[in-house]
Amino acid sequence: MINFRLFGIPVTILPWFWATMGIIGALSLGLESSQDFLRLALFMLAGFISILVHELGHGLTIKKFGADTQIVLQSFGGFATYPRNRFSRLQDFLVTAAGPAIQLLLGGVIHLILVNTNLPETQGKFFLHILVGISIFWAVFNCVPIYPLDGGQMLNAILGPKRRKVTHTVGVIAAILLGLFALYAGFMFMAIFAGMFAYQNYQLLQGKNPQSPF
């Protein structure tokens with residue numbers, strides 16, 4: 001476990017975060033040579049930076065609204081804590097939207113640098129490409145309207161607590177569609193998690209409160 005503070009926010013990185021990033025990187029890149037292991041390390045570093053920036057978007061907005069927060073990076077992502085039922089629905093929406101927004105900004109800025117400069121083909125350039133890819137994918141994926149992803153939480157903030165069943169119904173449908181797409185594209189990892197999200201939202205529709213897989 002790693003602990004530090006960034007912009008006054010306590011950050012905790014759990015061991016499973018590194019293990020998960022390593023598994024995803026190995027499946028994405030393949031490991032056939034010593035150079036591949038270096039690229040795996042760069043993939044893990046890019047994932048760490050991108051997801052930390054995402055959670056900082058949440059955390060800094062929470063602080064802006066006067067609440068304490070802590071960032072935890074775990075398994076397939078992370079979260080920024082804050083007291084529930086303290087913010088207005090607009091504030092909840094802005095807190096949630098800030099994560100993917102700043103992550104998209106990070107990916108977009110680095111992409112502009114890559115296309116407007118003639119950087120040599122080095123491991124540094126590979127790292128920047130991976131950072132762009134992870135940032136854009138993670139931000140877009142999180143905006144899918146599936147609770148507890150950011151998209152689902154933003155939908156919940158828009159609809160309000162009286163329409164939670166609508167939020168979770170949309171979550172079930174979106175998760176099923178995402179799972180079918182993932183199966184068609186051969187992304188088994190994504191298909192498994194889409195199934196977990198569909199089941200979680202179905203349970204919430206039944207009035208149960210299953211734990212989030214993240």
Side-chain angles (χ1 to χ4, degrees), residues 1-7 9-61 69-80 96-144 146 148-151 178 182 185-194 213-214:
M1 184 182 299
I2 300 174
N3 295 285
F4 59 94
R5 298 181 74 90
L6 190 60
F7 300 111
I9 300 174
V11 179
T12 298
I13 308 173
L14 301 179
W16 272 109
F17 174 80
W18 301 112
T20 304
M21 290 305 303
I23 293 170
I24 295 174
L27 292 173
S28 301
L29 303 174
L31 298 176
E32 298 178 357
S33 67
S34 59
Q35 186 176 20
D36 290 332
F37 281 95
L38 173 58
R39 292 193 166 199
L40 174 60
L42 292 173
F43 180 95
M44 293 171 65
L45 177 61
F48 162 68
I49 292 172
S50 182
I51 295 173
L52 178 60
V53 166
H54 179 110
E55 298 306 329
L56 275 172
H58 296 315
L60 291 172
T61 309
T69 185
Q70 177 183 0
I71 291 172
V72 178
L73 300 187
Q74 60 172 9
S75 59
F76 290 90
F79 60 89
T96 306
I102 194 172
Q103 200 173 27
L104 280 173
L105 179 63
L106 172 67
V109 169
I110 297 174
H111 175 71
L112 288 175
I113 292 172
L114 286 170
V115 299
N116 288 288
T117 57
N118 189 24
L119 296 177
E121 295 296 329
T122 62
Q123 297 293 1
K125 187 174 183 178
F126 168 82
F127 169 77
L128 293 177
H129 276 294
I130 291 295
L131 185 55
V132 170
I134 291 176
S135 296
I136 293 176
F137 171 82
W138 193 258
V140 172
F141 175 73
N142 262 279
C143 286
V144 176
I146 303 172
L149 296 179
D150 289 339
L178 178 64
F187 300 142
M188 292 304 299
F189 222 59
M190 184 184 293
I192 291 171
F193 275 87
F214 291 94

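For the single chain, residues carry numbers from 1 onward in sequence order.
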Is any side-chain heavy atom of [X] less than 4.5 Å from a side-chain heavy atom of [Y]?
{"X": "Phe79", "Y": "Gln74", "value": "yes"}
{"X": "Ile110", "Y": "Leu114", "value": "yes"}
{"X": "Asp150", "Y": "His58", "value": "yes"}
{"X": "Leu42", "Y": "Ile130", "value": "no"}
{"X": "Ile134", "Y": "Phe43", "value": "yes"}
{"X": "Ile71", "Y": "Leu6", "value": "no"}
{"X": "Phe126", "Y": "Leu38", "value": "no"}

How many angstroms lie between [atom1] in [X] and [atom2] in [Y], if you round to the nearest 0.5 Å?
{"X": "Ile102", "Y": "Thr61", "atom1": "CD1", "atom2": "OG1", "value": "8.0 Å"}
{"X": "Leu14", "Y": "Leu73", "atom1": "CG", "atom2": "CG", "value": "8.0 Å"}
{"X": "Leu56", "Y": "Ile51", "atom1": "CG", "atom2": "CD1", "value": "12.5 Å"}
{"X": "Gln103", "Y": "Ile49", "atom1": "CD", "atom2": "CD1", "value": "12.0 Å"}
{"X": "Leu40", "Y": "Met21", "atom1": "CG", "atom2": "CE", "value": "9.0 Å"}

Indicate the atoms forming the closest heavy-atom contact of [X] with [Y], along with that distance.
{"X": "Ser50", "Y": "Ser135", "answer": "OG-OG, 2.8 Å"}
{"X": "Arg5", "Y": "Pro10", "answer": "NH1-CG, 3.5 Å"}
{"X": "Ile9", "Y": "Gln70", "answer": "CG2-CA, 4.3 Å"}
{"X": "Ala46", "Y": "Leu131", "answer": "O-CD1, 3.4 Å"}
{"X": "Leu104", "Y": "Ala139", "answer": "CG-CB, 3.5 Å"}
{"X": "Ala182", "Y": "Ala191", "answer": "CB-N, 3.5 Å"}

Checklist entry - Within a radius of less than 6.0 Å around NE2 of His111, do more than 12 heavy atoms belonging to other residues, nucleotides or ligands occur? => result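 Count not over threshold, so no.
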Checklist entry - More than 12 heavy atoms of other residues, nucleotides or ligands under 6.0 Å from CZ of Phe187: is that the case? => result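 Atom CZ in Phe187 is not packed in, count stays at 12 or less.
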Checklist entry - Taking only residues two or more places apart in sequence or in another chain, which ones pass side chain to side chain contact (heavy atoms under 4.5 Å, CB included) with Ile2? => result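 Ile2: side chain to side chain contact (heavy atoms under 4.5 Å, CB included) contacts with Phe4, Ile13, Trp18.
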Next on the checklist: Tell me every residue that passes side chain to side chain contact (heavy atoms under 4.5 Å, CB included) with Phe189, counting only those two or more places apart in sequence or in another chain.
Outcome noted: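 Partners of Phe189 under the side chain to side chain contact (heavy atoms under 4.5 Å, CB included) test: Ile24, Phe76, Phe193.
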Item to check | salt bridge (Lys or Arg N to Asp or Glu O under 4.0 Å) contacts touching residues 112-127 (sequence neighbours left out) | outcome: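 Sorted pair list: Glu121-Lys125.
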Checklist entry - Are Leu128 and Leu119 close enough, and set up right, to give a side chain to side chain contact (heavy atoms under 4.5 Å, CB included), and what steps lead you there? => result CA-CA 10 Å; Leu128 293 177; Leu119 296 177; 3.9 Å; yes
Next on the checklist: Looking only at side-chain N and O atoms, does Asn142 offer a donor or acceptor that is under 3.5 Å from a partner on His54?
Outcome noted: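 There is no such pair between these side chains.
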